[in-house]
Amino acid sequence: MTVKEIFETMDYGPAPESAADALAWLVDQGSAFGHFINGKFTAPSEGFDSKNPANGEVLAQLSQASQDDVDTAVKAARAAQKKWAALPGHSRARYLYAIARLVQKHSRLFAVLETLDNGKPIRESRDIDIPLVHRHFYYHAGMAQLMDSELPDREALGVCGQIIPWNFPLLMLAWKIAPAIAMGNTVVLKPAEYTSLTALLFADICRQAGLPKGVVNIVTGDGAVGEMIVNHEGIEKIAFTGSTSVGRKIREATAGSCKALTLELGGKSPYIVFEDADIDSAIEGLVDAIWFNQGQVCCAGSRLLVQEGIADRFYTKLKARMDGLRIGNPLDKCIDVGAVVDPVQLKTITDLVDSNDDGEIYRAATAVPAEGCFYPPTLITGLSTASKLMQEEIFGPVLCAMTFRTPGEAVEIANNTRYGLAATLWTENVNLALDIAPKLTAGMVWVNATNLFDAAAGFGGVRESGFGREGGWEGLAAYTKPKASTKSLTKIEAFIGEDGPVDPLDRTAKLYIGGKQARPDGGYSQNIYAKNGKLLGQAPIANRKDVRNAVEAAAGASAWSKTTGHLRAQILYYIAENLSARADEFAARIDALTGKKGGDKEVQAAISRLFTYAAWADKYDGQAHGVPIRGVALAMKEPVGVIGALCADEAPLLGLVSAMAPAIAMGNRVVLTASEAYPLAALDFYQVLETSDVPAGVVNILSGNHEELAKTLADHLNVDAVWSFSSSDISGLIEGASAGNLKRTWANNGQSRDWMGAAGEGKDFLEAATVVKNIWIPYGE
Ligand code: NAI
């Protein structure tokens, strides 16, 4: 072959990585695995084969965990937890450091085993997955070290049940285990049934690192084992990564169980190319966006949006690049696209694409191996937002494309999805990039790059992509809780009294919707009595229609979310000033409602609370995460959107203010449900709002039965989060109903809070009122 011929074909010779060491390791283990419980492997039991998807060969036998196995694992984790959490942060840091070093030392073995088991190209497991795994343990060794000094008010949750998928088997394990054990939790983790081998090798690493027994437990098996973990009473938190459908089931199953929950689910992430983009870079980015890991990436840039003027040129270049992709043996270092994880997933991809009649399909001209789970890189152009494939997650190497005309239209199309995990945008215009990034509904935005991950930057989504973050300071919240002790809350009942004449001059309290006083839709009110049975007034009973009107008003007040913290602070101060002017009147009302003395203190606490959140409105800043690439990740705190809150019964005014003030300070709009037993103070409060320049729709106040109103709020698709501080037993109802659009919930699970004290305000509220969006931008050399 002449040099000229070589240059013309640019063919690669094969460069296979040896599988010998990994296969020998499997043989050393007897090619059959039990579970890793309490620091030891159990004897293998009945189960299933783990296969190499590139050639169908059986790699090992795995055991299907029984209920007994899960019980034993949870028991071991429980037994270990207190002692593990009681260690100084430095001691835990040393263990995490030891794990990081051992993973690094065995990185080749891990990479080859991962590729054999999952089918991903060895270049990816070697250069991306495994380095990110040890990075995660190093980073969280640091978090363990800093916990005592930086998070003095937080403590571990307890035992965490962690269920992970097959697309990044060891990396997802690291994302789950590292922060959990760093913060003093112990874990029972279940890897995905297709890909459990690196988790079992990791178990061996834990043993080598001398990790105390019971801190990490690994049980293998399918979704049935996942369900046993989800339903287990000995577990305080469930962390799940996987499909939105299973995530929704887990939300329903854990509702009312008091378990903390984080869900990292699917996506259909937009990849937007503006006409002034560096086209070649944007095309190279697409290789990483959709052909990385055969497109089996939850944040894959699977929806290509190209500006119309460059679309033809872009598609032509893209097709040429696709033709150059090499698909085949994942252990070959020259391979770009490896095997899909399993024949089941291959069939899912094939069926989804075959059922599509829209647009034009282009498949890479590259040769696809006849045997094994391979699917060619595919592009489908000419789709519209209504096309099924623009909406459904394919989870394969299939890129769906359409064009747009203006930046505004790009944003509209990008956000036209039930998901909100990631977004990528390409433009050489910094003004355009920084204008568009905040407008995209996503947990991560990559500017002129794609699929960037790092332990220092939180990863996670909004909408049906789930809630919670993994990585960064923001990810730690998912593995700790405030140290404040709580007591159980008993239902606060309204006083009963004699029906008497209502003072005809007494103003009838109304609902407050869209900046106006509104009569309840059903036309019903209820008498509110003092402790001595005297009639104090009437409170409207809101129904579903009133909730819907209030949500509509709140959704319509979206301009509030774009106001500055400075403006929101001024309005909060103004509310405080106007409340202060009527302090005596409110104090008397609270005393009459609750039958106790102390209304004056409650009013003063409410004024102080308004000041607290006025203070935070322009100070609860984001961060700039230092990430080891030529860039920076801006962790921006964005409002959640529309928050429905069931306010505390025991503190009629302070309870309302304590939910309202942090929410609106952070730019949310709220639908507040007043104390069920003592609603009148909250209803008087709208007069204060009316005189304080609060724009219409930002704060809406309802009164009525908490259970009924909570259900409607939690069901409503335009509500982004529901908080409950109610004394009614409605946490389970809210969490269960929230599964519809996977809205965030923050429910008291029957626990009381000292509203007058420190537990009634602070960072927990601000955290619940915001979502972190990480915007990765090029920066520095
Ligand atoms: P899956 O969501 O069923 O599996 C993920 C994990 O959950 C596995 O460990 C599985 O054993 C476990 N699991 C299954 N059912 C469960 C249940 N009822 N309770 C508790 N745990 C349960 O994902 P699957 O079936 O493997 O893939 C199907 C689709 O899910 C893919 O085509 C893709 O669209 C999506 N997916 C998304 C992932 C992501 O990272 N967001 C990862 C894997 C799959």
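All values reported here derive from a predicted model rather than from experimental measurement.
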| message | Please find the pair of heavy atoms, one from V719 and one from N741, that lie closest to each other, and give the distance. | response | O-ND2, 3.3 Å

| Any side-chain heavy-atom pair of T262 and E470 under 4.5 Å | no

| request: Please confirm whether K534 makes a cation-pi placement over Y529, using NZ or CZ under 6.0 Å from the six-membered ring centre and within 45° of the ring normal. | output: no

| message | Walk me through whether T612 and E761 qualify under side-chain hydrogen bond (donor to acceptor under 3.5 Å, both in side chains). | response | CA-CA 8 Å; T612 296; E761 66 178 31; 3.2 Å; yes

| task | Working to the nearest 0.5 Å, report the span between CZ of R519 and OG of S525. | result | 9.5 Å

| said: Looking only at side-chain N and O atoms, does T712 offer a donor or acceptor that is under 3.5 Å from a partner on R544? | reply: no

| How long is the gap from CG on L733 to CG on L646, to the nearest 0.5 Å? | 9.5 Å

| said: Is it the case that atom NZ in K483 sees more than 12 heavy atoms from other parts of the structure closer than 6.0 Å? | reply: yes

| Donor-acceptor contact below 3.5 Å, side chain S561 vs main chain G667 | yes

| field | salt bridge (charged side-chain N to carboxylate O under 4.0 Å, His left out) partner of E638, chosen from K773, K562, K439 | value | K773

| D546 side chain to D521 main-chain N or O, any donor-acceptor pair under 3.5 Å? | yes

| request: Please answer whether the main-chain N or O of V670 pairs with a side-chain N or O of N700 as donor and acceptor at a distance below 3.5 Å. | output: yes

| Does some side-chain heavy atom of P695 sit less than 4.5 Å from a side-chain heavy atom of V698? | yes

| request: Taking the side chain as every heavy atom from C-beta outward, state whether P540 and Y524 have any atom pair closer than 4.5 Å. | output: no

| query | With side chains defined as the heavy atoms from C-beta onward, is the minimum distance between Y613 and R568 less than 4.5 Å? | reply | no

| field | Atom CE of M756: over 12 foreign heavy atoms under 6.0 Å | value | yes

| task | Decide, yes or no, whether a salt bridge links R248 with E464 under the criterion of side-chain N to carboxylate O below 4.0 Å. | result | yes

| field | Donor-acceptor contact present, side-chain D153 to main-chain P482, <3.5 Å | value | no

| request: For the residue pair F611 and Y573, categorise the inter-ring angle as parallel (less than 30°), tilted (30 to 60°) or perpendicular (more than 60°). | output: perpendicular

| field | Ion pair E676/K491, N-O distance below 4.0 Å | value | yes

| Stepwise side-chain contact (heavy atoms from CB on, under 4.5 Å) check, I541 with N705 | CA-CA 7 Å; I541 303 176; N705 179 284; 5.8 Å; no

| task | Taking the side chain as every heavy atom from C-beta outward, state whether D693 and Y574 have any atom pair closer than 4.5 Å. | result | yes

| request: Without swapping roles, check the side chain of R609 against the backbone of W755 for a donor-acceptor pair under 3.5 Å. | output: yes

| Is it true that E236 and K259 make a salt bridge, defined as a side-chain N closer than 4.0 Å to a carboxylate O? | no

| Side-chain contact, heavy-atom cut-off 4.5 Å: M147 with M183? | yes

| Nearest-0.5 Å distance, OG of residue S465 to CG of residue L265 | 7.0 Å

| message | For the residue pair R669 / S558, report whether a side-chain donor-acceptor contact shorter than 3.5 Å exists. | response | no

| message | Please evaluate residues L742 and T244 with respect to the criterion side-chain contact (heavy atoms from CB on, under 4.5 Å), reporting the C-alpha separation (whole Å), side-chain torsions for both, the decisive distance (0.1 Å), and the verdict. | response | CA-CA 9 Å; L742 287 165; T244 294; 3.8 Å; yes

| Polar contact flag, side-chain donor to acceptor under 3.5 angstrom, K545-N543 | no

| field | R469 side-chain N/O to F459 backbone N/O, donor-acceptor pair under 3.5 Å | value | no

| request: Please determine if R548 and D715 form a salt bridge, counting it only when a charged side-chain N lies under 4.0 Å from a carboxylate O. | output: no

| message | So which atom in A605 and which in L654 form the shortest heavy-atom distance, rounded to 0.1 Å? | response | C-CD1, 3.7 Å

| message | Can a side-chain donor-acceptor contact be found between T594 and K531 if the only test is distance below 3.5 angstrom? | response | no

| request: Take I643 and D720 through the test side-chain contact (heavy atoms from CB on, under 4.5 Å) and record every step on the way to the result. | output: CA-CA 6 Å; I643 298 177; D720 301 293; 6.0 Å; no

| request: Indicate the atoms forming the closest heavy-atom contact of A457 with W776, along with that distance. | output: CB-CZ2, 3.6 Å

| query | Do T480 and E155 come within less than 4.5 Å of each other through their side chains, counting heavy atoms only? | reply | no

| field | Minimal non-hydrogen separation, A624 against V632, with atom names | value | CB-CG2, 3.9 Å

| task | Just do the salt bridge (Lys or Arg N to Asp or Glu O under 4.0 Å) check on D684 and R589 with the steps written out, would you? | result | CA-CA 9 Å; D684 293 341; R589 183 66 127 176; 2.9 Å; yes

| Spacing of CZ belonging to R463 relative to CG belonging to L717, to within rounding of 0.5 Å | 11.5 Å

| request: Please determine if D621 and K637 form a salt bridge, counting it only when a charged side-chain N lies under 4.0 Å from a carboxylate O. | output: no

| Is D754 atom CG crowded by more than 12 heavy atoms from other residues, nucleotides or ligands, each under 6.0 Å away? | yes

| field | D764/R154 under salt bridge (Lys or Arg N to Asp or Glu O under 4.0 Å): CA gap, chis, key distance, verdict | value | CA-CA 11 Å; D764 279 1; R154 313 280 302 181; 3.0 Å; yes

| task | Verify the neighbour count for atom CD of Q526: are there more than 12 heavy atoms of other residues, nucleotides or ligands below 6.0 Å? | result | yes

| Can you name the nearest heavy-atom pair linking G158 to N185, along with the distance? | N-OD1, 3.0 Å

| message | Looking at every non-hydrogen atom in both residues, tell me the closest pair between A592 and L536 and how far apart they are. | response | O-CD1, 3.6 Å

| remark: Separation between OG (S738) and CZ (F467), nearest 0.5 Å, reads 6.5 Å

| field | Backbone N/O of G89 and side chain of D148: donor-acceptor pair under 3.5 Å | value | yes

| field | From N748 atom CG to D729 atom CG, the distance as rounded to the nearest 0.5 Å | value | 9.5 Å

| task | Measure from the side-chain N and O atoms of N415 to the backbone N and O of L440, and report whether any donor-acceptor pair falls under 3.5 Å. | result | no

| Can you tell me if H706 uses its side chain to pair, donor with acceptor, with the backbone of S726 under 3.5 Å? | no

| message | Could you tell me if N774 and E474 have a donor-acceptor pair between their side chains, going purely by distance under 3.5 Å? | response | yes

| said: Can a donor-acceptor pair be found, under 3.5 Å and without considering hydrogens, that links the side chain of Y678 to the backbone of I528? | reply: no

| Test log, rule side-chain contact (heavy atoms from CB on, under 4.5 Å), inputs M660 and F685 | CA-CA 12 Å; M660 178 201 78; F685 187 68; 3.8 Å; yes

